[in-house]
Enquirer: 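Mind looking over this structure? Questions follow.
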Amino acid sequence: DWEIGSRVRANIGAHASGFDVKNTLYKSLQPRISVRYLLNDKSSIKASYSQMTQYMHLLSNNGIGLPTDLWVPATALVKPQQSTQYAAGYFYSTNAQYECSIEAYYKQMYNVVEYQNGASFFATSADWQSLVTAGKGHSYGTELLIQKKYGKLTGWVGYTLSWSFRQFAQKNNGVQYPYKYDQRHNIAVVASY
């Protein structure tokens, strides 16, 4: 944590991890930075950047029949997922109790996996690693949040407008398409008394 003058605060760091599977060691150094600039005593602008590695894949069966999601690990043949995310937003506190914000984000993803055309977890006894293809994806959106932080009744109302896409050289003629969990509108209301 660094304070630069009275208006700027930065948090800079890195996360290191490793995953060993069948004589294959995946190493990852993941830098992260977030910066806040105070406009005045009630409002600020925040921005962040992070790189992440995940050693588990969500593998969805989208064929006819039961839709099934499986979590599978990175292997010697299937690399870990990696992503880079950027975010920036405006934050405003009406007083000590209420905070409002609007934030936009963009996320790039690499080594995401999906079943090859015609392949399914249920359709064969073959090893799942031979049934998947690796590709890339990206998602972006905007989040609005109104939050009550103090008092007997607390909570928030949030709205997210977002898009999520995947692209695989061996699927859909290499053209990107909406991801299974692409959810355009999401509203959340939470209250605690």
Enquirer: Treat each ILVMFWY residue as a node, draw an edge where side-chain heavy atoms are under 4.5 Å apart, and state whether W128 and V112 are in one component.
Expert: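 No; V112 is not reachable from W128 via cluster members.
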Enquirer: Are any of the side-chain heavy atoms of Y159 and V157 separated by less than 4.5 Å?
Expert: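 In short, these two side chains do not touch, never coming nearer than 4.5 Å.
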Enquirer: Determine the sole option in Y179, Y105, Y140 for which the ring-ring contact (aromatic ring centres under 6.0 Å, His included) test with W163 is passed.
Expert: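 Between W163 and the candidates, ring-ring contact (aromatic ring centres under 6.0 Å, His included) is satisfied uniquely by Y140.
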Enquirer: Can you name the nearest heavy-atom pair linking Q170 to Q116, along with the distance?
Expert: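 Nearest pair, atom of Q170 first, then Q116: OE1-CG, 4.4 Å.
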Enquirer: Does the side chain of D69 come within less than 4.5 Å of K180's, by heavy atoms?
Expert: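 Answer yes - side chains close enough.
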Enquirer: Any donor and acceptor pair, going by atom type alone, linking the side chain of N172 with main-chain N or O of V175 inside 3.5 Å?
Expert: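 Indeed, once roles are kept as given, a pair shorter than 3.5 Å links the two residues.
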Enquirer: Would you find more than 12 non-hydrogen atoms of other residues, nucleotides or ligands less than 6.0 Å from Y150 atom OH?
Expert: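 Open.
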Enquirer: From K171 NZ over to Y177 OH, what is the distance, rounded to the nearest 0.5 angstrom?
Expert: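 That separation rounds to 4.5 Å.
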Enquirer: Around K148, counting heavy atoms of other residues, nucleotides and ligands shown, do more than 12 lie under 6.0 Å from its NZ?
Expert: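 Yes, because the 6.0 Å sphere around NZ of K148 holds more than 12 heavy atoms from other groups.
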Enquirer: Which atoms form the tightest heavy-atom contact between Y55 and S17, and what is the distance?
Expert: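 Reported closest heavy-atom pair: OH-OG, 2.8 Å.
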Enquirer: For the side chain of Q167 and the backbone of G137, is there at least one donor-acceptor N/O pair under 3.5 Å apart?
Expert: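 Pair absent, no side-chain N/O of Q167 close to backbone of G137.
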Enquirer: Rounded to the nearest 0.5 Å, how far does NZ of K46 lie from OG of S34?
Expert: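 It comes to 9.0 Å.
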Enquirer: Verify, without hydrogens or angle tests, whether R7 (side chain) and L39 (backbone) share a donor-acceptor contact under 3.5 angstrom.
Expert: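 At least one qualifying donor-acceptor pair exists.
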Enquirer: If you measure from CD on E103 to CG on L144, what distance do you get to the nearest 0.5 Å?
Expert: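 Taking CD in E103 and CG in L144, the distance rounds to 10.5 Å.
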Enquirer: Of the non-hydrogen atoms in I45 and Y90, which two are nearest, and what is the gap between them?
Expert: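 Shortest heavy-atom separation between I45 and Y90 comes out as CG1-CD1, 4.4 Å.
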Enquirer: Between T53 and Y26, does any side-chain donor sit less than 3.5 Å from a side-chain acceptor?
Expert: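 No - no donor-acceptor pair under 3.5 Å links their side chains.
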Enquirer: Got a donor-acceptor contact below 3.5 angstrom from the D182 side chain to the S164 backbone?
Expert: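 Present.
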Enquirer: Could you check whether any side-chain heavy atom of W71 comes within less than 4.5 Å of a side-chain heavy atom of L59, counting everything from C-beta outward?
Expert: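 Not touching, per the 4.5 Å side-chain cut-off.
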Enquirer: Just so I know, are the side chains of R32 and H15 near enough to count as touching, which here means a heavy-atom distance under 4.5 Å?
Expert: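 Counting from C-beta outward, R32 and H15 do come under 4.5 Å.
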Enquirer: Under 3.5 Å, side chain of S50 to main-chain N/O of Q30, donor-acceptor pair present?
Expert: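 Judged by distance alone, no pair lies under 3.5 Å.
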Enquirer: Working to the nearest 0.5 Å, report the span between CG of L58 and CD of Q81.
Expert: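 The CD atom of Q81 is 8.0 Å from CG of L58, to the nearest 0.5 Å.
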Enquirer: For V21 and A76, work out which heavy atoms get closest and say how close.
Expert: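 Nearest heavy atoms, V21 then A76: CG1-N, 3.9 Å.
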Enquirer: Between atom CD of Q85 and atom OG of S139, what is the distance when rounded to the nearest 0.5 Å?
Expert: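 Rounded to the nearest 0.5 Å, the CD-OG separation comes to 7.0 Å.
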Enquirer: In the structure I gave you, are the side-chain heavy atoms of T24 and F19 within less than 4.5 Å of one another anywhere?
Expert: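 Heavy-atom side-chain distance check fails, nothing below 4.5 Å.
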Enquirer: Looking at CD of Q108 and OG of S83, how far apart are the two atoms once the value is rounded to the nearest 0.5 Å?
Expert: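 So the gap between those two atoms works out to 9.5 Å.
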Enquirer: Should the pair E114-R166 be classified as a salt bridge under the 4.0 Å nitrogen-to-oxygen rule?
Expert: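 R166 and E114: not salt-bridged.
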Enquirer: Looking at every heavy atom in both S43 and Y92, which two are closest together, and how far apart are they?
Expert: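 Residues S43 and Y92, closest heavy atoms: CB-CD1, 3.8 Å.
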Enquirer: Give me the atom names and distance for the closest heavy-atom approach of T133 to F168.
Expert: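 Reported closest heavy-atom pair: O-CE2, 3.5 Å.
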Enquirer: Using only atom types and a distance under 3.5 Å, with no angle test, would you say the side chain of N111 pairs donor to acceptor with the backbone of P80?
Expert: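 Yes.
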